[in-house]
Peer 1: 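Below you'll find the structure I mean.
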Amino acid sequence: MEVTFNAYRREPGEAEYRRGVYKLDLPEDATIMDGMLKIRDEEDPNFAFRGSCLRGYCGDCMMSINGKNTFACTAKVANFMNRPEIALRPIRMVPVIKDLVFDWDAFMWNKIKVLNPWIEPQESTDGVRTVPDKVMADLRNAMSCYYCGLCDEGCTVLPVDMKFLGPAALTKAYRLAADPRDKNPGEHLKMAQQAEGIWDCVHCYEASEHCPRNIGPTERIVQLRDMAFEKGITNERVARHHTSFAASVKASGWLDEARLAIESEGLTNISGLMKLLPIAARAAIKGKAPIPYLHHKRPGAKRITEIFEKGDERGK
Amino acid sequence: MPEFDVLVIGGGASGLRAAIAAKEAGASVGLISKAHPLRTHTGLIQGGLNAPLDPDDSPESFAADTMQAGDGLCDSEAVKTFAGEAARDVLWLERAGTPFNRDAQGKLAFRAFGSNSRNRSVFADDRTGHMALQVLYEQLQRARVTAFEEWYVTSLVIEDGACTGALALGLRSGSLEAFSARAVILATGGLGRLYAPSTGSVGTTGDGQSLAYQAGAGLVDMEFVQFHPMIFPAGPGLLITEATLGEGAQLVDAKGAAVDTRGLPRHQLALATQSSNGDSAKIDLRPIGAANIMTRFPQTHELVKAMSGLDVTQEAIPVRPAAHRPMGGIETNASGETSIRGLFAAGECASNGVHGASRMAGNTLTEALVFGRRAGEAAASHARLESRKSVSQSRLGDEENRIQGITGENTSGDTPGKLHAELTALMDQQVGLVRDAAGLDAAIGKIRGLKDRYSRIKIGATTRVFNYGLTGYFEVGAMLTCAELIAVSARQRTETRGAHRRSDFPAKDDANWSAHTTARLVDGSPAVEKKPITAA
Ligand SMILES: Cc1cc2nc3c(=O)[nH]c(=O)nc-3n(C[C@H](O)[C@H](O)[C@H](O)COP(=O)(O)OP(=O)(O)OC[C@H]3O[C@@H](n4cnc5c(N)ncnc54)[C@H](O)[C@@H]3O)c2cc1C
Ligand code: SF4
């Protein structure tokens with residue numbers, strides 16, 4: 001079958017990219033990877049893209065094909081013939097080194113590295129600790145991650161703060177923190193709650209929606225937070241979050257999400273507040289946030305305020 | 001210029017394990033890998049890995065099964081070491097964080113796999129390799145080994161008969177560097193891509209075997225290439241793990257007859273799924289039950305669907321044999337030492353006689369762990385005694401010139417990919433599952449013709465940064481070298497044994513062939529000799 005690939009081409013150091021247009025004759029069941037290999041082999045040995053397992057095991061060839069993020073090795077050309085040219089592009093936000101070779105170091109690997117990503121094995125050599133398979137199955141689910149970066153790609157915090165560790169690295173942190181065999185339990189929780197860590201996630205659930213392996217990266221971050229609370233590891237921002245939550249309910253009878261978000265970030269934390277803007281904008285688009293934003297009291301709010309005041313009295 | 005006590009080439013299971021062991025033994029260690037370690041071939045392992053961990057299992061029983069599969073060609077001393085140390089190395093991997101499946105009591109679960117006489121394989125669903133690789137890479141970072149990820153080794157450096165380092169091209173920087181070392185470990189994996197379809201990932205191109213051979217090392221038993229019996233023929237070939245058979249899946253041959261797969265070694269299973277007419281053998285996973293398929297073989301379900309749209313919980317799928325894994329490779333002893341001082345090898349690129357003529361399912365990951373560790377320890381000990389020699393600037397300059405010499409306008413009319421396609425076609429037809437003298441002679445002639453054409457190819461490289469056209473050129477060169485060695489060794493072995501099947505010599509010939517073959521580079525071409533088997 002005759003197809004045309006339109007591929008993102010950029011030499012290292014070049015500011016602008018160009019489009020490489022290639023006409024190919026491919027078998028009906030060819031994959032995008034087959035086509036790219038053909039270009040590299042027959043037309044241009046300099047055409048750069050990664051690929052390793054060729055069968056969807058490894059996550060190396062993630063890219064955007066006609067705007068859809070997927071693996072080139074399992075994507076059938078026939079499914080992308082709805083446009084005259086098949087567009088091959090880098091995934092959003094990942095820095096490009098050359099053509100379709102991305103800088104995974106900057107985007108993901110380096111963020112995992114700062115977590116000290118290993119468990120400290122027990123020294124004992126006598127047999128194996130008994131662990132319910134439920135615990136192991138949960139680890140297997142988290143470790144089925146193929147480091148494809150799609151959760152980071154969908155993340156709403158990263159576009160505002162590239163220093164945020166991101167859901168992929170935090171999913172790795174979960175795998176480490178949840179491993180009952182670690183000799184130093186709690187170490188990874190401390191790592192995960194460092195600046196730019198779990199508390200910077202805004203729970204928009206985009207990461208989970210983007211994950212092709214149904215790992216639920218957002219849920220993993222929530223679990224890490226719960227584990228941190230249980231261990232009494234919290235930071236200042238979390239404390240603010242709780243105070244604001246209670247204050248909002250006390251004042252109006254229900255949760256003022258905008259107030260909560262802003263107060264949690266801290267009123268003087270400009271970059272933290274900036275992260276909230278895209279979410280606010282999307283909430284508005286989806287009709288979840290009325291414009292202008294006014295928070296009304298819930299019927300019976302007075303009674304709720306009284307309950308809070310009673311609680312406050314008792315706590316004194 | 002980077003300098004280490006031990007330089008490991010390869011970021012799969014064997015290389016990672018070797019590097020960790022060498023570091024723990026006190027050596028400074030560098031590890032080079034052409035692919036990021038988390039993307040390497042080891043991640044494809046599905047079914048599991050063997051060790052006599054069950055209280056009523058024993059190293060002796062494990063050794064006996066391994067010898068049985070090896071069809072008379074295993075070195076019993078190597079097998080004894082392997083079976084005796086397997087449990088400790090697999091437990092190490094467990095303690096380091098591999099989430100192996102557990103039974104109802106929370107103890108390690110063992111699955112039936114291949115021709116093991118009992119349930120002996122530990123596993124993590126059907127993503128055993130993906131999980132094990134992550135854990136090994138975690139521990140590599142814990143050991144603080146310096147990793148050079150996405151660097152391609154172009155040559156070994158041999159000075160005064162000893163290996164003193166390697167030359168490698170940084171894919172990201174585009175620059176060629178010399179790495180000096182007191183000991184070098186090759187852990188570069190297999191050569192699946194000599195065949196199509198195969199189970200190999202892009203990088204399984206026999207680089208290490210070719211590097212060692214060019215440096216003067218012996219390559220042993222190269223004729224033995226195992227074909228896996230159950231390859232779903234979509235795309236480059238998708239392996240359906242034999243562990244499905246152990247859990248109830250039914251194999252049906254091309255004539256529609258159910259195959260009794262119990263205890264059958266791989267080479268016999270592969271014959272059962274071969275088809276001479278247009279019909280195809282089929283594997284039916286439905287007897288496992290949809291719920292169990294989804295929990296124990298989730299990846300198989302996902303990938304078959306992604307590659308073909310078929311749903312293994314709903315229908316049987318076609319399978320055929322395809323090239324999987326060599327038994328032969330760089331000749332080593334059980335400490336990974338090769339015939340070159342300072343050069344070690346471990347894992348799929350090496351051959352120490354543990355697999356003999358056919359490998360038992362589940363033995364390779366264990367092999368990578370046991371012999372990777374042993375090679376790491378031995379290399380660290382060697383490094384303590386070896387004085388430091390730095391790779392000379394002139395050696396680096398020579399390599400630079402060699403690369404300059406192959407870059408430029410390509411007027412040959414050939415490309416590496418074109419030769420690769422011709423090579424896989426002839427390997428499948430003439431050096432495949434069944435061979436004969438006439439076919440092998442023809443193949444040897446054709447391979448030499450391809451080598452000749454290869455020598456005239458140039459790569460029109462504008463930049464060396466991530467120039468896979470250039471590394472692909474080296475890979476095709478390595479594949480041509482390995483192909484010739486397989487074909488000449490196969491021509492020599494006039495019998496049928498294990499994975500080597502000769503239609504013109506259909507019987508096993510113990511009188512003449514209870515022996516290994518060793519191929520060496522002599523005056524520019526391979527010379528093959530017989531080598532006796534070492535018994536305990
Ligand atoms: C689909 C499938 C299923 C399998 N299932 C099982 C199973 O259930 N149980 C089992 O025991 N085994 C199984 N195997 C076999 C197993 O995967 C391999 O034998 C094993 O992973 C080999 O490990 P290795 O470390 O020796 O090599 P690899 O994992 O292949 O690693 C080789 C490394 O060397 C590097 N390298 C190569 N050349 C160069 C160069 N020129 N320069 C720099 N670096 C280089 C590569 O980047 C890579 O990092 C399976 C294989 C496949 C394909
Ligand atoms: S968690 Fe999911 S989306 Fe994120 S890198 Fe892993 S597999 Fe990809």
Side-chain angles (χ1 to χ4, degrees), chain A residues 11-12 29 31 33-34 37-38 40-42 44-60 71 73-74 97-99 101 104 109 113 116-122 124-125 127-133 135-140 143-147 175-176 179 181-182, chain B residues 35-36 38-41 43-44 53 88 91-92 94-97 99-109 124-125 127 130-131 134 138-139 141-142 172 201-203 234-238 295 298-299 302-303 306-307 415-418 459-463 465-470 472-473:
Chain A
E11 289 295 309
D29 64 346
T31 62
M33 177 58 78
D34 292 334
L37 288 168
K38 198 170 155 84
R40 177 142 89 203
D41 188 52
E42 292 173 12
D44 186 357
N46 293 298
F47 179 32
F49 54 88
R50 288 196 185 90
S52 181
C53 75
L54 298 176
R55 305 155 175 88
Y57 297 91
C58 84
D60 209 13
F71 301 113
C73 70
T74 49
I97 300 174
K98 176 184 171 185
D99 301 341
V101 170
W104 285 118
W109 300 135
K113 281 198 179 123
N116 287 356
W118 55 81
I119 71 162
E120 210 53 57
Q122 317 271 350
S124 113
T125 45
V128 182
R129 235 180 97 172
T130 318
V131 190
D133 193 52
V135 176
M136 288 295 152
D138 181 52
L139 283 187
R140 288 197 294 277
M143 290 175 78
S144 69
C145 169
Y146 36 24
Y147 304 99
R175 166 268 173 283
L176 297 162
D179 196 318
R181 293 161 295 185
D182 197 350
Chain B
H36 188 283
L38 289 176
R39 315 287 193 197
T40 60
H41 185 75
L44 278 60
L53 285 165
R88 114 176 211 207
L91 286 183
W92 176 89
E94 192 283 326
R95 270 199 305 282
F100 291 127
N101 289 54
R102 304 291 174 133
D103 64 14
Q105 282 78 47
K107 297 197 187 112
L108 283 180
D125 298 337
R127 293 198 176 99
H130 189 67
M131 311 279 165
Q134 289 177 68
E138 288 169 10
Q139 293 299 314
Q141 294 175 81
R142 173 171 171 265
R172 182 159 186 166
S201 52
V202 169
L238 189 65
T295 52
Q299 178 171 253
E302 176 189 318
L303 294 184
M307 299 297 280
T415 65
K418 193 169 166 201
I459 302 298
T462 51
T463 162
V465 175
F466 281 105
N467 197 310
Y468 289 109
L470 189 57
Y473 168 89

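Since we're looking at a predicted model, the values are computed, not measured. Each chain gets a letter, A, B and so on, in the order its sequence line appears, and its residues count up from 1.
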Peer 1: Taking atom CD of A/E11 and atom OG1 of B/T463, what is their separation to the nearest 0.5 Å?
Peer 2: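 The OG1 atom of B/T463 is 6.0 Å from CD of A/E11, to the nearest 0.5 Å.
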Peer 1: Which of the residues A/D179, A/V101, A/L139 is involved in the greatest number of heavy-atom pairs with chain B at under 4.5 angstrom?
Peer 2: A/V101
Peer 1: How about B/Q139 and A/P121: do any of their side-chain heavy atoms sit closer than 4.5 Å?
Peer 2: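 Yes, close enough: below the 4.5 Å cut-off.
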Peer 1: Rounded to the nearest 0.5 Å, what's the gap from CG on B/L38 to SG on A/C145? Could you check?
Peer 2: 9.5 Å
Peer 1: Might you point out which heavy atoms bring A/M136 and B/P99 nearest each other, and give the distance in Å?
Peer 2: SD-CA, 3.5 Å
Peer 1: Would you give the length of the straight line joining atom OH of B/Y468 to atom CZ of A/F49, rounded to the nearest 0.5 angstrom?
Peer 2: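 With rounding to 0.5 Å, OH (B/Y468) is 9.0 Å from CZ (A/F49).
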Peer 1: Are B/D103 and A/D133 packed together at the side-chain level, in the sense that at least one heavy-atom pair is separated by less than 4.5 angstrom?
Peer 2: no
Peer 1: If you count heavy-atom pairs under 4.5 Å with chain A, which of B/G97, B/A35, B/G237 comes out on top?
Peer 2: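 Going by pairs under 4.5 Å, I would pick B/G97.
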Peer 1: What I'd like to find out is whether the side chain of B/R142 reaches to under 4.5 Å of the side chain of A/E120, using heavy atoms alone.
Peer 2: yes
Peer 1: Tell me which of these, B/S201, B/A234, B/G469, has more heavy-atom pairs under 4.5 Å with chain A than the rest.
Peer 2: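 Highest number of pairs under 4.5 Å: B/S201.
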Peer 1: Find the one option among B/G43, B/A306, B/G472, B/A96 whose heavy-atom pairs under 4.5 Å with chain A are most numerous.
Peer 2: B/A96
Peer 1: One pair to check against side-chain contact (heavy atoms from CB on, under 4.5 Å): B/R127 and A/Y146. What are the steps and the verdict?
Peer 2: CA-CA 11 Å; B/R127 293 198 176 99; A/Y146 36 24; over 6 Å; no
Peer 1: Among B/A104, B/G235, B/G417, which residue forms the greatest number of heavy-atom pairs with chain A at distances under 4.5 Å?
Peer 2: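 Option with the top pair count is B/G417.
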Peer 1: According to the interplanar angle, ranging from 0 to 90°, do the rings of A/W109 and B/H36 count as parallel (below 30°), tilted (30 to 60°) or perpendicular (above 60°)?
Peer 2: parallel
Peer 1: So which part of B/Q105 gets closer than 4.5 Å to some heavy atom of chain A, the side chain, the backbone, both or neither?
Peer 2: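 For B/Q105, the contact with chain A is made by the backbone alone.
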Peer 1: Out of A/P132, A/P117, A/A137, return the one with the most heavy atom pairs under 4.5 angstrom to chain B.
Peer 2: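 Heavy-atom pairs under 4.5 Å are most numerous for A/P117.
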Peer 1: Give, for atom CG of A/L176 and atom CD of B/E138, the distance between the pair rounded to the nearest 0.5 Å.
Peer 2: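 The CD atom of B/E138 is 5.5 Å from CG of A/L176, to the nearest 0.5 Å.
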Peer 1: Please confirm whether the backbone N or O of B/V465 pairs with a side-chain atom of A/K98, one donor and one acceptor, at under 3.5 Å?
Peer 2: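 Yes: the side chain of A/K98 pairs with the backbone of B/V465.
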Peer 1: Sort out for me which of A/K38, A/R50, A/M33, A/K113 touches chain B most, counting heavy-atom pairs under 4.5 Å.
Peer 2: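 Among A/K38, A/R50, A/M33, A/K113, the one with the most close pairs to chain B is A/R50.
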Peer 1: State, yes or no, whether a side-chain contact exists between B/R39 and A/W104 at a heavy-atom distance under 4.5 Å.
Peer 2: yes
Peer 1: Report which part of A/S144 has an atom under 4.5 Å of a heavy atom belonging to chain B: side chain, backbone, both, or neither.
Peer 2: both
Peer 1: Given heavy-atom pairs under 4.5 angstrom as the criterion, report whether the side chain, backbone, both or neither of A/V131 touches chain B.
Peer 2: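 For A/V131, backbone and side chain are both near chain B.
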Peer 1: Work out which heavy atom in B/M307 is nearest to a heavy atom in A/L54; give both atom names and the distance.
Peer 2: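 Heavy-atom minimum between the residues: CE-O, 4.3 Å.
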Peer 1: Can you find a pair of side-chain heavy atoms, one from A/D41 and one from B/P416, that are under 4.5 Å apart?
Peer 2: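 Counting from C-beta outward, A/D41 and B/P416 do come under 4.5 Å.
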Peer 1: For B/R88, is it the side chain, the backbone, both or neither that has a heavy atom under 4.5 Å from a heavy atom of chain A?
Peer 2: neither
Peer 1: Heavy-atom distances under 4.5 Å only: say whether A/N46 touches chain B with side chain, backbone, both or neither.
Peer 2: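 When you check distances to chain B, atoms from both the backbone and side chain of A/N46 fall under 4.5 Å.
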Peer 1: Could you state the interatomic distance from OG1 (A/T74) to CG (B/L303), rounded to the nearest 0.5 Å?
Peer 2: 8.0 Å
Peer 1: What I'd like to find out is whether the side chain of B/Q299 reaches to under 4.5 Å of the side chain of A/Y57, using heavy atoms alone.
Peer 2: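 Yes, close enough: below the 4.5 Å cut-off.
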Peer 1: With a 3.5 Å distance limit and no angle check, can you tell me whether A/R181 reaches the backbone of B/E94 through a side-chain donor-acceptor pair?
Peer 2: yes
Peer 1: What's the spacing between B/H41 NE2 and A/S52 OG if we round to 0.5 Å?
Peer 2: 9.0 Å
Peer 1: Go through the atoms of A/I97 and report whether side chain, backbone, both or neither lie under 4.5 Å from a heavy atom of chain B.
Peer 2: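 Side chain of A/I97 only, per the 4.5 Å heavy-atom cut-off to chain B.
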Peer 1: In the structure I gave you, are the side-chain heavy atoms of A/R140 and B/F100 within less than 4.5 Å of one another anywhere?
Peer 2: no
Peer 1: Would you say A/M143 and B/H130 make side-chain contact, with heavy atoms under 4.5 Å?
Peer 2: no
